[in-house]
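Each remark here refers to the structure printed beneath this line.
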Amino acid sequence: MNVINEFIKRNEAFSNSDFEAGLKMLPSLKTVIIGCVDPRVDPVDVFGLNPGEAAVIRNVGGRINPATLQNMAIVRSVAVAEGKEVGPGWNLIVLHHTDCGITPCLAHAPALLAKNLGVEVSDLAQLAIADPYAAVAIDVAALKANPQLPGGFLVTGMVYDVATGKVETVVPPALLRPDPIA
Ligand SMILES: [Zn+2]
């Protein structure tokens, strides 16, 4: 299969059927999802997203790293530029998954992974790389501890099981900070 030709064909079908003109830049469900690049865990599939519903930031593992935080800051600045605010009424979902490639990466290229995550190699053990259930809780805690993020976000930690297709809520929805004004 010539992939590019195939994608152009699929895009032709998309532009003629599912495409919706006039979608807004900001997500209609006021939702930001942080997930992994793994092709099996696309939030569009896992959550049945329709065009325009959620902003999705993907990296290796769906981890909270410096680049993710920078992207979130930019999303927030875009919202402000649009006359909106990211915060109260918005969802922030951290979506990790089983059988993630970040685990073999830890074994074969720890320095590369540490650099990506913005930590020292000696600190990788604290991030529970090989355990998505523990890792998602660590990342939600990191978000809650970050004063740069809007406190009004309702943050949820979830793990998707690639063997069953089911998502489990590991960290139930809670405000990023009890005082959402900040
Ligand atoms: Zn992954």
Side-chain angles (χ1 to χ4, degrees), residues 1 3-4 6-7 10-11 14 27 29-76 86 90-146 148-149 153-174 176:
M1 184 202 291
V3 173
I4 301 305
E6 172 67 18
F7 284 2
R10 291 186 195 181
N11 172 257
F14 169 76
L29 294 182
K30 293 186 175 178
T31 297
V32 177
I33 301 169
I34 298 167
C36 182
V37 295
D38 190 312
R40 299 170 295 179
V41 303
D42 192 330
V44 168
D45 303 320
V46 171
F47 294 133
L49 296 179
N50 294 309
E53 286 188 327
V56 179
I57 300 171
R58 296 177 75 176
N59 63 29
V60 175
R63 299 302 306 244
I64 306 305
N65 64 8
T68 300
L69 292 171
Q70 287 164 18
N71 277 308
M72 288 185 67
I74 292 170
V75 169
R76 190 181 188 184
V86 174
W90 281 65
N91 284 283
L92 176 56
I93 298 170
V94 183
L95 179 65
H96 289 188
H97 69 97
T98 59
D99 192 37
C100 185
I102 199 169
T103 300
C105 179
L106 174 66
H108 295 284
L112 193 62
L113 187 58
K115 188 176 180 193
N116 177 259
L117 296 174
V119 300
E120 300 296 326
V121 172
S122 56
D123 293 330
L124 284 172
Q126 297 169 22
L127 295 177
I129 303 291
D131 179 352
Y133 298 88
V136 81
I138 288 169
D139 279 6
V140 169
L143 289 169
K144 287 180 175 174
N146 189 319
Q148 308 295 323
L149 295 170
F153 259 129
L154 203 57
V155 61
T156 306
M158 303 176 116
V159 172
Y160 173 75
D161 188 334
V162 298
T164 65
K166 291 187 187 307
V167 152
E168 181 179 335
T169 301
V170 177
V171 185
L176 206 60

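All ligand and atom numbering here is 1-based and tracks the order in the structure.
Without hydrogens or angle criteria, His97 side chain to Pro132 main chain gives no donor-acceptor distance under 3.5 Å.
The environment of CZ in Phe7 is sparse: at most 12 heavy-atom neighbours from other residues, nucleotides or ligands sit within 6.0 Å. Annotation: Glu6, atom CD; neighbour count of heavy atoms from other residues, nucleotides and ligands within 6.0 Å is above 12.
Protein N/O/S atoms found under 2.8 Å from the Zn ion (ligand 1), listed by chain and residue number: Cys36 SG, His97 NE2, Cys100 SG.
Scanning for salt bridge (charged side-chain N to carboxylate O under 4.0 Å, His left out) contacts around Asp99 gives Arg40, with sequence neighbours left out.
Here the closest non-hydrogen pair linking Pro43 and Val56 is CG-CG1, 3.8 Å.
Proximity of Ile138 to Arg63: side-chain heavy atoms (C-beta onward) are separated by under 4.5 Å at one or more points.
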